[in-house]
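Here is the structure we will look at, set down as structure tokens.
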2 protein chains.
Amino acid sequence: MQTLGFNGFSYADIAGELGISKATVHHHFPTKAALGHALLERYSDNFRGALASIDMSNSEAPQKLDRYVEFYRDVLVGNRLCLCGMLAAEYSTLSKPMQDSVRHFFDANETWLAGVINQGRRAGALQFCGSVEDVARMLLGALEGAILLARPYNDVKRFLSAARLALAGLKDTRRAASASRQRRVPRARAETV
Amino acid sequence: MQTLGFNGFSYADIAGELGISKATVHHHFPTKAALGHALLERYSDNFRGALASIDMSNSEAPQKLDRYVEFYRDVLVGNRLCLCGMLAAEYSTLSKPMQDSVRHFFDANETWLAGVINQGRRAGALQFCGSVEDVARMLLGALEGAILLARPYNDVKRFLSAARLALAGLKDTRRAASASRQRRVPRARAETV
DNA sequence: GTCTATAGGCAGATAGAC
DNA sequence: GTCTATCTGCCTATAGAC
């Protein structure tokens, strides 16, 4: 689903990959919509767990955002898209339950991002114009778009560069300026992305 | 293609829409790959023409970027995606000629954006960290992602808000700050799903 | 250029044995 | 749970008349 899309894979693909028959797959997931919905829910649960693990680290906002970006990078290296980014493109062809789950995934990510961004603003680590919710949405869109555009070029650096720049707009102005001068330095420091 | 995706529409859809037979469509476009490629090339040509018309206006960089954003907004209002954003998601399932055309579209957009951004920086209207090319790619990704995420919510305001914020990171700091104070007015948000 | 008719294949899905 | 066999339908694509 993350590579070929929901409309691009078939029961035969799964059966072939696992060395079982199509009928066996149907036994576990009667319809393709049920199969897609189950995979989508599992993906969403895993993502929620990953966000919770970031929260438990009690890091500052910039570090949390860096780890968030790493999730997307890890998805890309397998020639995959964020599952919900893929399904957002195919949205019009999806069943109602899948459509609802896709929106719920985005809602959860926006809410989490808004919380982190708010934390960063209160701590003085992030600075921006506009509401926290709007910034969270912009950021989510920028990451989904960056991974979408990086894949045709099979170039993870495109994604990382775009992600870093999208975050740079939120960093404190003076820090961002100094970070840009030494932006070739790996992501060890707090100010770099 | 822009609504259902390349793998989501069929010859029957086109024939039904036009009130002709499937065989007639095949007469003009023998294979689906040829049909998709022709539509893709037409879309790319139209976009190139639109960019040229912006250039002929001799506007300043921020105005050019605003008009660029309007193109994407106009696409979204018809429940459509940027064709190449859609095809980027389905990239792995496309024919080689279509894959090449998709990348060429992104290359052309990045080149055009880089030119405008460079113009804005020289004029002092835009300010940012990183190379012009990287900023152009970030911006293209942010717009593609913003339109991708706005569609499930059928909410053009989501796109416009994200696009404005993505551009805000490039505006001159003082201008951006004053602009953000004025933009606090339109806060009404009716989320229809 | 357009049509009807149809080929050939693969899709999602089901029946029923083991 | 897994299999073979099969159904039904839609898909892309072609043949050939008008």
Side-chain angles (χ1 to χ4, degrees), chain A residues 1-45 79-81 83-102 105 152, chain B residues 1-45 79-81 83-102 105 152:
Chain A
M1 270 172 82
Q2 290 179 256
T3 304
L4 306 173
F6 183 72
N7 296 322
F9 83 95
S10 70
Y11 275 82
D13 293 329
I14 298 175
E17 187 85 15
L18 300 179
I20 58 178
S21 72
K22 289 194 296 175
T24 302
V25 184
H26 272 285
H27 177 261
H28 294 280
F29 305 99
T31 68
K32 196 182 182 184
L35 168 61
H37 192 253
L39 292 175
L40 176 47
E41 288 294 296
R42 187 183 67 174
Y43 183 84
S44 209
D45 287 346
N79 193 29
R80 285 171 293 168
L81 226 56
L83 178 55
C84 288
M86 177 68 85
L87 295 179
E90 300 180 291
Y91 191 79
S92 298
T93 71
L94 302 179
S95 67
K96 185 74 166 49
M98 287 188 71
Q99 289 183 335
D100 291 343
S101 292
V102 167
F105 174 87
Chain B
M1 271 172 82
Q2 290 180 256
T3 304
L4 305 174
F6 183 72
N7 296 322
F9 83 94
S10 71
Y11 275 82
D13 293 328
I14 297 175
E17 187 84 15
L18 300 180
I20 59 178
S21 72
K22 290 190 292 176
T24 302
V25 184
H26 272 285
H27 177 261
H28 294 280
F29 305 98
T31 68
K32 197 182 181 185
L35 168 61
H37 192 253
L39 292 175
L40 176 47
E41 287 294 296
R42 187 182 67 173
Y43 183 84
S44 209
D45 287 347
N79 192 29
R80 285 172 294 167
L81 226 54
L83 178 55
C84 288
M86 178 68 86
L87 295 180
E90 299 179 293
Y91 191 79
S92 299
T93 72
L94 302 179
S95 68
K96 185 73 167 51
M98 287 187 71
Q99 289 183 334
D100 291 343
S101 292
V102 167
F105 174 87

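Chain identifiers are assigned alphabetically (A, B, ...) following the order of the sequence lines, protein sequences preceding nucleic acid strands; residue numbering begins at 1 within each chain.
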Report task. Give a yes or no answer on whether the side chain of Y11(A) reaches the backbone of K32(A) with a donor-acceptor pair at less than 3.5 Å. Result -> yes
Report task. Answer yes or no: is there a donor N or O on one side and an acceptor on the other, between the side chain of Q99(A) and the main chain of Y91(A), under 3.5 Å? Result -> yes
Requested in this report: Remember a base hit wins even if backbone is also touched, and classify F29(B) as base, sugar-phosphate or nothing at under 4.0 Å, heavy atoms.
Outcome: nothing
Query - Gap between atoms CG and C1', on N7(A) and dC10(D) respectively (whole Å) - result: 14 Å
Query raised in the report: Given dT14(C), dT14(D), dA11(C), which nucleotide is nearest the side-chain atoms of A12(A)?
Result: dA11(C)
Query - H37(A)-S95(A) side chain donor-acceptor pair, cut-off 3.5 Å - result: no
Query raised in the report: So what does S21(A) touch, heavy atoms closer than 4.0 Å: a base, only the sugar-phosphate, or nothing?
Result: base
Query raised in the report: From the list dC3(C), dT2(D), dG1(C), which nucleotide is the closest neighbour of the side chain of H27(B)?
Result: dG1(C)
Requested in this report: Report yes if some heavy atom in the side chain of I20(A) is under 4.5 Å from a heavy atom in the side chain of I14(A); otherwise report no.
Outcome: no
Query raised in the report: Is T24(B) touching bases, backbone alone, or none of the nucleic acid, heavy atoms closer than 4.0 Å?
Result: base
Query raised in the report: What is the distance, rounded to the nearest whole Å, between atom NZ of K32(B) and atom C1' of dG9(C)?
Result: 15 Å
Report summary line: In whole angstroms, the gap separating C1' of dG1(C) from NE2 of H26(B) amounts to 15 Å
Query raised in the report: Just wondering, do L35(B) and T31(B) contact through their side chains at under 4.5 Å, heavy atoms?
Result: no
Query raised in the report: To the nearest angstrom, how far is F9(B) atom CZ from dT12(D) atom C1'?
Result: 11 Å
Query - Spacing between Y11(B) atom OH and dT14(D) atom C1', to the nearest angstrom - result: 12 Å
Query - Closest listed nucleotide, where the reference is the side chain of H28(B) and the choices are dT2(C), dA13(D), dC3(D) - result: dT2(C)
Query raised in the report: Start at the 5' end of DNA chain C and walk down; is the nucleotide closest to A23(A) or to D13(A) reached first?
Result: D13(A)
Query raised in the report: Atom CG of L18(B) to atom P of dG1(C): distance rounded to whole Å?
Result: 15 Å
Query raised in the report: Separation of I20(A) atom CD1 from dT2(D) atom C1', in whole Å?
Result: 9 Å
Query raised in the report: In whole angstroms, how far is the P atom of dC7(D) from the NZ atom of K22(A)?
Result: 14 Å
